[in-house]
Amino acid sequence: MTTTITKLTEVRYYLYAIIMKPYADKAKEYSSSKIVKEVANHLANLRSQGKAVLVDRNERKQGFSPRELFLSSAVLLPAERRIRCTMALIRKGKNPMFMKKGTFALEELKQMGDIVEITHFFIDYKTDQNVVCVERNPHGPNIADIEYYFKKIARDELQLAKFTELNVFMDNSIENTLGAMKNVLSFNIKLKSANLELIDKQLEKNYFKGFNLITNLYKPEFLRIEAFFKKQGKKVNLPTENKIATGMFAKALEVFKANPEETDYYDNFVVVYEDGKGVEETFNLLKDKKFFERKIEEGKDLKQGESYDLIKDDLTLFVNSL
């Protein structure tokens with residue numbers, strides 16, 4: 001008897017809060033959670049008519065390629081005060097080919113229409129924090145896309161909210177790390193080359209400008225930089241503090257604190273540093289962010305409902321703990 005071993009892969013769900021700030025004349029009638037519900041209702045009604053709102057997040061950015069998004073599905077769950085959503089990002093650039101089954105004949109996918117990448121996410125609107133649980137897809141829409149899209153609809157389509165506030169839930173707060181960090185000993189940073197145009201411009205210009213040269217020359221899918229500034233077990237004296245790397249890390253933390261969507265652009269961001277007493281500590285951006293992790297069959301494309309069922313109970317526990 002042959003035993004088939006199912007290969008598993010990990011899928012992560014990260015947790016954020018999107019707070020809607022209503023216009024002054026709407027503040028008494030519309031809370032943050034009510035605005036989110038109104039936006040979802042509006043988009044769900046459009047989808048029921050076979051319509052959607054296409055938003056280009058880069059529409060006002062000169063020199064940037066379009067980043068066109070639309071909400072492909074919004075399912076309201078009134079009893080749970082939740083919304084199940086799927087957002088699509090229209091893929092730009094060279095189109096892939098597909099091979100017909102049983103042949104080696106190739107056809108262009110563009111003949112069928114645009115290629116999209118999707119991200120499932122779930123909103124709990126029991127409180128005005130509007131907790132958002134996002135299934136991570138490095139190729140699809142991210143939390144910055146989701147926030148921008150909902151803000152755009154709430155402001156321009158419904159005239160309910162003038163701006164939004166995005167927060168990221170973390171185990172190790174950025175404020176604590178900023179206060180404790182004195183000297184960087186090593187770092188390991190990885191991101192998609194396509195995300196270079198999305199990260200903070202000052203951070204890119206001052207510390208990551210070499211990435212652009214590598215990207216333009218070699219066209220890699222991902223970029224990684226790893227650096228060590230002391231030997232194992234060697235004490236670092238204050239006169240030899242690594243001011244450039246420490247400055248980079250401090251700037252990155254300030255960026256993450258001011259713009260939590262920036263945390264979603266990195267596939268790895270690990271920094272080992274010393275505090276004021278010479279004790280080594282580690283900041284791991286992806287692991288310090290609150291997340292749920294599940295194992296699914298490798299190659300399986302989760303449907304929206306399947307994805308939600310994986311995390312709904314843990315999401316309830318998390319929201320109740322706030």
Checking [X] side chain against [Y] main chain: does a donor-acceptor pair fall under 3.5 Å?
| X | Y | result |
| --- | --- | --- |
| Ser186 | Phe228 | no |
| Asp275 | Gly278 | yes |
| Thr246 | Lys243 | no |

Stepwise side chain to side chain donor-acceptor pair (under 3.5 Å) check, Asn212 with Glu204: CA-CA 9 Å; Asn212 277 316; Glu204 177 199 356; 2.4 Å; yes
Taking C-beta and beyond as the side chain, do [X] and [Y] meet within less than 4.5 Å on heavy atoms?
| X | Y | answer |
| --- | --- | --- |
| Asp145 | Val55 | no |
| Asn268 | Ile189 | no |
| Thr119 | Asn142 | no |
| Val134 | Tyr16 | yes |
| Gln202 | Tyr207 | no |
| Ile19 | Asp128 | no |
| Asn206 | Lys251 | no |
| Arg136 | Asp267 | yes |

Joint hydrophobic cluster, Leu198 plus Leu286, side-chain heavy atoms closer than 4.5 Å: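 Yes, because Leu198 and Leu286 connect within a single hydrophobic cluster, where side-chain heavy atoms sit under 4.5 Å apart.
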Would you check, one step at a time, whether the test side chain to side chain donor-acceptor pair (under 3.5 Å) holds for Arg294 with Tyr13? CA-CA 8 Å; Arg294 297 291 181 269; Tyr13 298 81; over 6 Å; no
With side-chain contact (heavy atoms from CB on, under 4.5 Å) as the test, would you mind laying out the steps for Glu197 and Asn58 before giving the verdict? CA-CA 10 Å; Glu197 67 177 24; Asn58 290 341; 4.0 Å; yes
Verdict with supporting geometry, Lys34 and Tyr125, side-chain contact (heavy atoms from CB on, under 4.5 Å): CA-CA 8 Å; Lys34 187 174 180 180; Tyr125 60 92; over 6 Å; no
Taking 4.0 angstrom as the limit, do Glu135 and Arg12 come out as a salt bridge?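 So Glu135 does not pair with Arg12 through a salt bridge.
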Salt-bridge contact Asp264-Lys289 (side-chain N to carboxylate O under 4.0 Å):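 Yes, Asp264 and Lys289 are salt-bridged.
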Rounded to the nearest 0.5 Å, what separates atom CZ in Arg82 from atom NZ in Lys37?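 Between Arg82 CZ and Lys37 NZ, I get 15.0 Å after rounding to 0.5 Å.
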Measuring from atom OH of Tyr30 to atom CD of Gln159, what distance do you get when rounded to the nearest 0.5 angstrom?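 The OH atom of Tyr30 sits 11.0 Å away from the CD atom of Gln159.
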List the steps and the verdict of side-chain contact (heavy atoms from CB on, under 4.5 Å) for Glu274 and Lys182. CA-CA 6 Å; Glu274 283 186 331; Lys182 299 300 178 185; 5.5 Å; no
Can you check side chain to side chain donor-acceptor pair (under 3.5 Å) on Thr6 and Glu297, steps first, answer last? CA-CA 7 Å; Thr6 302; Glu297 185 179 339; 5.7 Å; no
Stepwise side chain to side chain donor-acceptor pair (under 3.5 Å) check, Ser33 with Asn130: CA-CA 6 Å; Ser33 59; Asn130 297 315; 5.0 Å; no
Counting only heavy atoms not in Lys303 (residues, nucleotides, ligands), do more than 12 fall under 6.0 Å from its NZ?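 At most 12 heavy atoms, drawn from other residues, nucleotides or ligands, come within 6.0 Å of this atom.
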Using the rule side-chain hydrogen bond (donor to acceptor under 3.5 Å, both in side chains), only one of Lys192, Arg91, Glu117 pairs with His139; which is it?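 When side-chain hydrogen bond (donor to acceptor under 3.5 Å, both in side chains) is applied between His139 and each of Lys192, Arg91, Glu117, only Lys192 qualifies.
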Working for side-chain contact (heavy atoms from CB on, under 4.5 Å), residues Phe121 and Ile143: CA-CA 9 Å; Phe121 63 99; Ile143 186 60; over 6 Å; no
Can you confirm whether or not the ring centre of Phe169 sits under 6.0 Å from the ring centre of Phe291?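 No, the ring centres sit 6.0 Å or more apart.
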